[in-house]
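Side chains are part of it too, since the values below use all heavy atoms of this structure and drop only hydrogens, waters and symmetry mates.
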Amino acid sequence: MISRLLPFLFLFFASSILAQSDFRIESEYKLNVPNEIADRLWSFISEGEIMEKINHEEVLTTNVSIEHFLDVYFDDDAFHLFQKDVGLRYRKRFLNNELIKVLVQLKTPLEEDGVARNEIKFDVKKSMNSNDYLTRHPLLRYIKKKNRDELDYYLRKYNTTSKDMVQSLSLTQTRKRLYISDSSSALATITLDFVRNNSFPFQCFTELELELNEIRYTDATESEKQSMELFNSLLKQALFENFPGLMQDQTPKYSKLKKIVDDSWVSFIYSNWMWIVWVGMGLVASIKMLS
């Protein structure tokens, strides 16, 4: 009898966990942008030229904003999240130099092409409890107790846990965004992100994201999803026709920057300079003893 009930108990437990956070599905195209065309590309987007290039039945309205982000990404020592293109970050969001949002986000792959991804958002604790030993943990000090089991529920899929998390990368973003709405509600955004590593030698890259509104897309019927995806495809087509130097690359920001850092000999020397100095001193001492 109990064995028959186990699947239902598991579903009940899983659904109760998933209901605790803000769970959304995001659909976005990510495009690499050569730095030399970034300003011209943003003018094409923000001044309305791209909207003139697409055919859409409804009247669309647009709005522009510029925001800044400070993102700290976490991973374990074996980089299980990096290997699976998973991003776990603590984010501070600024508008007009004012902090407007702080949260923890977990982004996981949903489809093989990477266009659709799961996004789970966790509210950050407003105050630190000195009686909780996890306030010294680099990640869990931000996570409310009621969300810790939920976070581990997701991380176990990647053979890791929240307690294994350490800071992996820190980056800043300058984000220029065009919001697009139709008669129903918010429809999509076009985002130009300038991303910079916060550690020497401060590697950077620029990318463009075409993203459907997460709340609307998550709650949409299958036919509504297809209609929204078609709109995103029209935006993408207009961009490629006018800027052939663009290239689709669904690699998440964390994975992209970590690959750049891992391939940089300057970053390697900067991260390991102490060991290099000690090895050098040992070699010099050995040579003097032998001479």
Side-chain angles (χ1 to χ4, degrees), residues 22 24 26-46 63-75 81-82 85-108 114-115 117-124 138-139 142 167-180 186 188-214 235 239 243 246-264 267:
D22 187 355
R24 300 179 185 179
E26 62 176 22
S27 178
E28 63 180 12
Y29 289 113
K30 296 167 68 71
L31 311 175
N32 285 336
V33 178
N35 288 329
E36 61 270 18
I37 69 169
D39 290 341
R40 186 161 53 92
L41 176 62
W42 177 242
S43 296
F44 177 78
I45 295 168
S46 61
N63 183 43
V64 172
S65 76
I66 299 178
E67 298 173 283
H68 300 276
F69 297 86
L70 173 61
D71 293 333
V72 178
Y73 282 88
F74 298 90
D75 210 333
L81 301 187
F82 167 71
D85 279 340
V86 175
L88 176 59
R89 68 189 175 200
Y90 168 73
R91 161 167 284 187
K92 288 184 175 182
R93 180 181 179 186
F94 298 87
L95 179 63
N96 298 325
N97 295 321
E98 180 180 349
L99 180 63
I100 61 173
K101 186 71 174 178
V102 181
L103 75 162
V104 172
Q105 292 173 299
L106 176 67
K107 290 193 174 187
T108 64
V115 174
R117 290 169 62 84
N118 289 326
E119 180 180 284
I120 306 97
K121 297 181 179 180
F122 303 92
D123 291 331
V124 171
L139 172 64
Y142 302 120
Q167 181 173 328
S168 178
L169 284 175
S170 174
L171 59 86
T172 56
Q173 291 185 69
T174 298
R175 168 166 290 180
K176 298 178 179 180
R177 171 172 280 181
L178 180 76
Y179 292 89
I180 306 172
T189 56
I190 306 176
T191 304
L192 187 67
D193 281 336
F194 176 78
V195 181
R196 191 193 71 163
N197 181 16
N198 286 336
S199 295
F200 184 82
F202 311 111
Q203 297 97 333
C204 59
F205 62 85
T206 305
E207 70 175 26
L208 189 74
E209 294 182 359
L210 307 177
E211 183 176 4
L212 298 172
N213 181 268
E214 297 166 359
L235 291 176
L239 286 167
F243 296 89
L246 297 176
M247 182 178 298
Q248 185 171 347
D249 181 357
Q250 296 298 136
T251 306
K253 287 185 176 69
Y254 168 55
S255 300
K256 186 179 294 185
L257 184 57
K258 180 163 172 41
K259 288 176 182 176
I260 293 174
V261 171
D262 287 350
D263 291 340
S264 170
S267 291

Could you check whether Lys258 pairs with Asp262 (Lys NZ or Arg NE/NH1/NH2 to Asp/Glu carboxylate O, under 4.0 Å)? yes
With a 4.5 Å cut-off on side-chain heavy atoms, are [Y] and [X] touching?
X: Asn198; Y: Leu169; answer: no
X: Asp75; Y: Tyr73; answer: no
X: Val64; Y: Trp42; answer: yes
X: Tyr29; Y: Gln250; answer: yes
X: Phe74; Y: Leu81; answer: no
X: Glu209; Y: Glu26; answer: no
X: Gln203; Y: Ser264; answer: yes
X: Glu211; Y: Arg177; answer: yes

Arg40 and Phe243: side chain to side chain contact (heavy atoms under 4.5 Å, CB included), yes or no, with the steps? CA-CA 10 Å; Arg40 186 161 53 92; Phe243 296 89; 3.5 Å; yes
Can you list the residues that meet the side-chain hydrogen bond (donor to acceptor under 3.5 Å, both in side chains) rule with Glu207, with sequence neighbours excluded? Lys30, Lys253, Lys256
Please list, chain by chain and in numerical order, all residues satisfying side-chain hydrogen bond (donor to acceptor under 3.5 Å, both in side chains) with Ser168, sequence neighbours excluded.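 Partners of Ser168 under the side-chain hydrogen bond (donor to acceptor under 3.5 Å, both in side chains) test: Tyr254.
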For Leu99 versus Arg93, what's the shortest heavy-atom pair and its separation? CD1-O, 3.5 Å
Closest contact, heavy atoms only, Asn197 versus Ser170: OD1-O, 3.3 Å
From [X] atom [atom1] to [Y] atom [atom2], the distance as rounded to the nearest 0.5 Å:
X: Lys176; Y: Thr191; atom1: NZ; atom2: OG1; result: 12.5 Å
X: Leu31; Y: Leu192; atom1: CG; atom2: CG; result: 10.5 Å
X: Met247; Y: Asn32; atom1: CE; atom2: CG; result: 7.5 Å
X: Asp71; Y: Thr172; atom1: CG; atom2: OG1; result: 9.0 Å
X: Asp193; Y: Gln173; atom1: CG; atom2: CD; result: 4.5 Å
X: Leu139; Y: Tyr90; atom1: CG; atom2: OH; result: 11.0 Å

Between the side chains of Asp249 and Thr251, does any donor sit under 3.5 Å from an acceptor?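 Side-chain D/A pair, Asp249 to Thr251: present.
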Does Glu98 have more than 12 heavy atoms from other residues, nucleotides or ligands lying within 6.0 Å of its CD?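 Not buried by this count: 12 neighbours or fewer within 6.0 Å.
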If you apply the rule side chain to side chain contact (heavy atoms under 4.5 Å, CB included), what do you find for Thr206 with Leu41, and how did you get there? CA-CA 11 Å; Thr206 305; Leu41 176 62; over 6 Å; no
In a check of side chain to side chain contact (heavy atoms under 4.5 Å, CB included) between Leu95 and each of Glu67, His68, Arg175, which one passes? Glu67
Test your reading of the model: is there a side-chain donor-acceptor pair from Arg117 to the backbone of Lys107, 3.5 Å cut-off? yes
Pair Leu210-Ile190, side chain to side chain contact (heavy atoms under 4.5 Å, CB included): steps then yes or no: CA-CA 5 Å; Leu210 307 177; Ile190 306 176; 3.6 Å; yes
Stepwise side chain to side chain contact (heavy atoms under 4.5 Å, CB included) test for Phe82 and Lys259: CA-CA 9 Å; Phe82 167 71; Lys259 288 176 182 176; 3.8 Å; yes
